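What follows is a short report on a single structure.
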Amino acid sequence: ASWPHGYWVRDMQQRCYHGIHRQVYMPIGVASTVAFCLGLPLIYFLLVWRCRHNLKDVFVQIKYGFLYVQYKPRFFWWAAVLQLQTLALVAVQTFGRTVVVLQQAMLLLIVLTTNAAITMTCSPLRFPLIMVLEFLSSAVLSLTVTLSLAFLQESSSFLPSAAAVSGARVDVVQHARAAG
């Protein structure tokens with residue numbers, strides 16, 4: 001933040017994806033996103049994979065048990081899958097803002113349904129009640145998104161989600177209606 005060249009100083013006049021943003025900030029952002037979003041699940045996986053033959057050892061359980069003890073022994077690596085499932089939900093929330101509200105809701109439903117299907121098919125948790133509660137949680141989220149589609153106004157379904165939430169009107173909507 002205090003580097004003399006000022007790469008970390010905010011410049012609200014700087015256009016995105018032009019000039020220094022494209023040359024400096026974008027590569028840093030891409031590298032950071034890859035490192036943190038994909039690196040953490042990979043680290044989770046590598047930590048337990050390295051100790052996979054000693055998972056019942058007390059020292060390993062104390063050190064890494066939070067990553068695997070709640071799962072069946074053959075699914076000791078499932079914490080990494082949960083991280084990837086969470087990453088998929090965050091990606092829809094983050095990058096879905098560029099698509100219209102209806103498409104964002106459909107993407108979210110696809111990710112929620114896929115996550116629930118994978119989890120229920122593998123059934124990695126040791127305790128069946130927790131498995132059922134996790135499925136019910138996914139079902140409630142999916143139902144909430146599905147029922148929210150009933151309240152989606154026709155005009156807001158053509159807007160990017162950020163504009164629909166703020167109530168902004170965009171000329172694109174009027175052009176889309178005229179063309180359709």
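Because the structure is predicted, anything quoted here is derived from the model rather than measured.
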Interatomic distance, I118 atom CD1 to T113 atom OG1 [nearest 0.5 angstrom]:
11.0 Å
Side-chain donor-acceptor pairs of residues 27-41 under 3.5 Å, sequence neighbours excluded:
unit_1: S32; atom_1: OG; unit_2: I28; atom_2: O; d: 2.8
unit_1: T33; atom_1: OG1; unit_2: G29; atom_2: O; d: 2.7

Listed partners of Y44 passing side chain to side chain donor-acceptor pair (under 3.5 Å), at least two apart:
none
Flag the pair M131 / M120 as yes when at least one side-chain heavy-atom distance between them is below 4.5 Å, and no otherwise.
yes
Find the distance between CG (L109) and OG1 (T146) and round it off to the nearest 0.5 Å.
4.0 Å
Are V101 and L89 in one and the same hydrophobic cluster, where Ile, Leu, Val, Met, Phe, Trp and Tyr link if side-chain heavy atoms are under 4.5 Å apart?
yes
Residues two or more places apart in sequence or in another chain: which of them pass side-chain contact (heavy atoms from CB on, under 4.5 Å) with F59?
D57, K63
Side-chain heavy atoms nearer than 4.5 Å, only ILVMFWY residues, links allowed to pass through others: does that put L87 and L82 together?
no
What is the distance from atom CG of L143 to atom CG of L112, rounded to the nearest 0.5 Å?
11.5 Å
Which pairs with one or both residues in residues 95-148 pass ring-ring contact (aromatic ring centres under 6.0 Å, His included), sequence neighbours excluded?
none
Hey, any chance Y64 and I43 share a hydrophobic cluster, counting ILVMFWY side chains that come within less than 4.5 Å of each other, even indirectly?
yes
Does the side chain of V145 come within less than 4.5 Å of M106's, by heavy atoms?
no
Report yes if some heavy atom in the side chain of Q85 is under 4.5 Å from a heavy atom in the side chain of T119; otherwise report no.
yes
List in chain and number order the residues that pass side chain to side chain donor-acceptor pair (under 3.5 Å) with S142, two or more places apart in sequence or in another chain; answer none if no residue qualifies.
none
Can L42 be reached from L84 by stepping across I, L, V, M, F, W or Y side chains whose heavy atoms are under 4.5 Å apart?
no
Rounding to 0.5 Å, atoms CZ (F45) and CZ (R50) come to a distance of 13.0 Å
Only pairs under 3.5 Å count here: list side-chain donor-acceptor contacts from residues 65-80, not counting sequence neighbours, and write none if there are none.
unit_1: Y68; atom_1: OH; unit_2: L55; atom_2: O; d: 2.6
unit_1: K72; atom_1: NZ; unit_2: S123; atom_2: O; d: 2.9
unit_1: W77; atom_1: NE1; unit_2: R74; atom_2: O; d: 3.2

Are the side chains of I110 and V92 in touch, meaning some heavy atoms are under 4.5 Å apart?
no
Could you see if L46 belongs to whatever hydrophobic cluster contains V60? Use Ile, Leu, Val, Met, Phe, Trp, Tyr and a side-chain cutoff under 4.5 Å.
yes
